[in-house]
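Beneath this line is the structure, given in structure tokens, with notes to follow.
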Amino acid sequence: MQAVQQMYEWLTFMPFLFFAIIWLVVYLFTGKHRTAAYAGMDVTAFLLLGSIFNMLYKLSGSPWTGWGLVFVFLLAGGFIGRRQERRKSGFNMLLMLRTVSRTGFVLMTPLYLLLLLLTLL
């Protein structure tokens with residue numbers, strides 16, 4: 001278990017490096033830029049969440065700020081799922097997870113950069 005934790009800590013150290021690696025691997029297999037970018041975004045969003053959680057904990061000293069971010073993602077997933085249910089009379093879990101993941105990537109990237117600057121100062 002400790003080896004998994006250490007590997008995750010290493011991967012969250014530089015999540016955008018991991019984005020580039022995922023993008024390159026998927027692009028080499030599929031030859032499609034868009035598919036590679038989406039795969040990189042989906043994986044990197046998970047790593048960004050861990051990085052931001054850790055940086056918020058270091059800055060505030062309270063783990064609740066990071067859990068608040070997780071709560072926002074859970075709320076977003078609930079709202080997206082409800083919207084799907086009303087519009088399409090069905091719920092697609094994969095579509096909801098992709099939407100939350102990609103929106104999270106777009107929103108967490110500037111937050112990660114801002115927190116990185118604050119922790120370095």
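Source: prediction; values computed, not measured.
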(message) With clusters defined by side-chain heavy atoms of hydrophobic residues (ILVMFWY) lying less than 4.5 Å apart, directly or transitively, does Tyr112 cluster with Val70?
(response) yes
(message) Using the rule that Ile, Leu, Val, Met, Phe, Trp and Tyr join whenever any side-chain heavy atoms are under 4.5 Å apart, tell me whether Leu74 and Phe53 fall into a single cluster.
(response) yes
(request) Return each pair, listed once, that meets side chain to side chain donor-acceptor pair (under 3.5 Å) where at least one residue sits in residues 62-86; pairs must be two or more places apart or across chains. (result) Ser60-Thr65
(request) Give a yes or no on whether Leu28 and Ile22 share a hydrophobic cluster (residues Ile, Leu, Val, Met, Phe, Trp, Tyr; joining criterion: side-chain heavy atoms under 4.5 Å apart). (result) no
(request) Report, as yes or no, whether the 6.0 Å neighbourhood of atom CZ on Phe73 holds more than 12 heavy atoms from other residues, nucleotides or ligands. (result) yes
(request) Determine whether Leu107 and Leu56 fall in the same hydrophobic cluster, where Ile, Leu, Val, Met, Phe, Trp and Tyr are linked whenever their side-chain heavy atoms lie under 4.5 Å apart. (result) no
(request) Just say parallel, tilted or perpendicular for the rings of Phe19 and Phe105, cut-offs at 30° and 60°. (result) parallel
(message) Could you report the tightest heavy-atom contact between Met41 and Ser101, atom names first, then the distance?
(response) O-OG, 4.0 Å
(message) Can you confirm whether Phe16 sits close enough to Thr109 that some side-chain heavy atom of one is under 4.5 Å from a side-chain heavy atom of the other?
(response) yes
(request) Quick one: pull up CD1 in Ile21 and CG in Leu24 and give me the separation to the nearest 0.5 Å. (result) 8.5 Å
(request) Calculate, to the nearest 0.5 Å, the distance between atoms CG and CD1 belonging to Leu111 and Ile52 respectively. (result) 4.0 Å
(request) Search all heavy atoms of Leu115 against all heavy atoms of Leu59 and return the closest pair with its distance. (result) CD2-CD1, 3.5 Å
(message) What's the separation between atom CG in Leu113 and atom CG in Leu118, rounded to the nearest 0.5 Å?
(response) 11.0 Å
(request) Return the set of residues passing side-chain hydrogen bond (donor to acceptor under 3.5 Å, both in side chains) with Arg102 (not counting sequence neighbours), or none when no residue passes. (result) Asp42
(message) Holding to ring-ring contact (aromatic ring centres under 6.0 Å, His included), I want the full list of residues that pass it with Tyr27, two or more places apart in sequence or in another chain.
(response) Trp23, His33
(message) Return the CG to CE distance between Leu97 and Met93, rounded to the nearest 0.5 Å.
(response) 5.5 Å
(request) Search all heavy atoms of Leu69 against all heavy atoms of Met108 and return the closest pair with its distance. (result) CD2-SD, 4.4 Å
(request) Give, for atom CD1 of Ile80 and atom OG1 of Thr103, the distance between the pair rounded to the nearest 0.5 Å. (result) 5.5 Å
(message) Are Leu48 and Leu116 connected into the same hydrophobic cluster when the rule is that any two of I, L, V, M, F, W, Y join if their side-chain heavy atoms are below 4.5 Å apart?
(response) yes
